[in-house]
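As the structure is a computational prediction, the values presented were derived from the model and not from experiment. In this chain, numbering begins with 1 at the start of the sequence shown.
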Amino acid sequence: MKRRKFLKTSAKFLCACTASTTIGIIQSCTSNGPNSPNEEDDAELIIDLSNDEYTSLLNNGGSMIIESNVIDTRGLILIRNNNNISAFANYCTHAGYSLNPFVDGVSVCTSGHGGRFNTSGEAISGPANSNLTQYQTELDGNQLRIFKT
C-alpha cells in the first residue's frame, strides 16, 4: 500500500474511533442516571423496621442504603423525618454513581464529583443536574411500605 493511501485510510479510522469514544464519554457525563426497568410497575417492598439491619430508621434523621430490590435495581436511599420515611433511587443524577446515606440532611455522591442532595431529593450542588427519583412510602408502626408507582 502506498504511503498516501495508508495515511488517508488510517486517518479515517482514527477519526471514527475518536468520535465514537468522545460521544460515549459525553453521554455518560450528561446522563440523568440509569433507568430501573421492572415489569411490575405496581411492585411494593415491605420493611420491618424492628429488624436489626433497619434500626437506624427508628430515629429521626436516621438514614441508610438498601441494595437492589423490586422497587429499584440500583437500590434505595432512605431517610426518616419525624413520622415519615422518604425513599429515593440510590444514584446520582450526574453519572449514576451511588450515594452515601444522609448526614446532617445531606447525601453526597460517592464519585467524589461533589453532587449533593437534600432530604427532599433536590440537587443542591453540581454536577448533579436534577432531583432524585422519589418513591411513595407508607409508615404504619414499624412497617414501612415502599411503592414502585
Side-chain angles (χ1 to χ4, degrees), residues 10-149:
S10 298
K12 287 180 183 178
F13 179 75
L14 182 60
C15 286
C17 289
T18 303
S20 66
T21 301
T22 302
I23 289 170
I25 290 170
I26 289 170
Q27 286 177 341
S28 72
C29 282
T30 59
S31 170
N32 283 335
N35 293 328
S36 300
N38 190 329
E39 291 81 31
E40 298 181 47
D41 286 339
D42 60 348
E44 72 178 55
L45 177 65
I46 300 174
I47 297 172
D48 183 353
L49 300 181
S50 63
N51 288 341
D52 288 342
E53 62 187 306
Y54 303 110
T55 56
S56 66
L57 295 174
L58 294 174
N59 301 315
N60 192 35
S63 180
M64 68 176 301
I65 304 294
I66 296 179
E67 300 300 323
S68 178
N69 55 71
V70 298
I71 303 300
D72 195 306
T73 59
R74 294 286 305 263
L76 299 170
I77 180 170
L78 306 175
I79 177 78
R80 183 172 193 134
N81 185 10
N82 297 317
N83 291 324
N84 181 48
I85 296 178
S86 298
F88 302 98
N90 183 27
Y91 52 85
C92 179
T93 57
H94 167 241
Y97 289 97
S98 62
L99 302 168
N100 289 308
F102 289 92
V103 174
D104 295 328
V106 176
S107 176
V108 179
C109 179
T110 61
S111 71
H113 287 150
R116 297 164 38 115
F117 300 88
N118 66 19
T119 58
S120 297
E122 298 167 336
I124 56 174
S125 69
N129 52 19
S130 61
N131 297 341
L132 298 173
T133 300
Q134 184 170 9
Y135 297 102
Q136 180 184 351
T137 62
E138 181 180 287
L139 183 60
D140 183 16
N142 282 341
Q143 295 290 308
L144 173 65
R145 295 170 63 149
I146 305 170
F147 303 93
K148 174 82 174 180
T149 56

Heavy-atom closest pair (A128 atom, G115 atom, distance to 0.1 Å) is CB-CA, 4.1 Å
Could you check whether any side-chain N or O of S107 sits under 3.5 Å from a backbone N or O of P101, counting only pairs where one atom can act as donor and the other as acceptor?
no
Under 3.5 Å: donor-acceptor pair, side chain of N90, backbone of I77:
no
Rounded to the nearest 0.5 Å, how far does OG of S50 lie from CG of L58?
8.0 Å
Interatomic distance, N60 atom CG to N82 atom CG [nearest 0.5 angstrom]:
4.5 Å
Any sub-3.5 Å donor-acceptor pair from R74's side-chain atoms to L76's backbone N or O?
no
I need the single residue from R145, K148, Q136 that forms a side chain to side chain donor-acceptor pair (under 3.5 Å) with E44. Which is it?
R145
Could you measure the distance from the OH atom of Y91 to the OG1 atom of T73? Nearest 0.5 Å is fine.
8.0 Å
So, does S63 use its side chain to make a donor-acceptor pair with the main chain of I79 at under 3.5 Å?
no
Taking all heavy atoms of N118 and all of F102, pick out the closest pair and write down the distance.
O-CE2, 3.3 Å
Just verifying a value: how many Å separate L49 CG and T55 OG1, rounded to the nearest 0.5 Å?
9.5 Å
If I take atom CE from residue M64 and atom CD1 from residue I66, how far apart are they, to the nearest 0.5 angstrom?
5.0 Å
Could you tell me whether a side-chain N or O of T133 sits under 3.5 Å from a main-chain N or O of A89, the two making a donor and an acceptor?
no
On a heavy-atom basis, which atom in Y54 and which in D48 lie closest, and how many Å separate them?
CD1-O, 3.5 Å
In the structure I gave you, are the side-chain heavy atoms of N84 and L139 within less than 4.5 Å of one another anywhere?
no
N131 side chain vs A123 backbone, donor-acceptor pair below 3.5 Å
yes
Correct closest heavy-atom pair for D72 and N69 would be N-OD1, 3.0 Å
Check whether N51 reaches the backbone of E53 with its side chain - one donor and one acceptor, N or O, closer than 3.5 Å.
no
So, the side chain of N59 versus the backbone of L57: is there a donor-acceptor pair under 3.5 Å, distance only?
no
Interatomic spacing from CZ in F117 to SG in C92 - rounded to 0.5 Å
4.0 Å
Please confirm whether the backbone N or O of N129 pairs with a side-chain atom of T93, one donor and one acceptor, at under 3.5 Å?
yes
Can L144 and E138 be said to form a side-chain contact (heavy atoms from CB on, under 4.5 Å), step by step?
CA-CA 6 Å; L144 173 65; E138 181 180 287; over 6 Å; no
Is T137 reaching over with its side chain to a backbone N or O of A87, donor-acceptor style, under 3.5 angstrom?
no
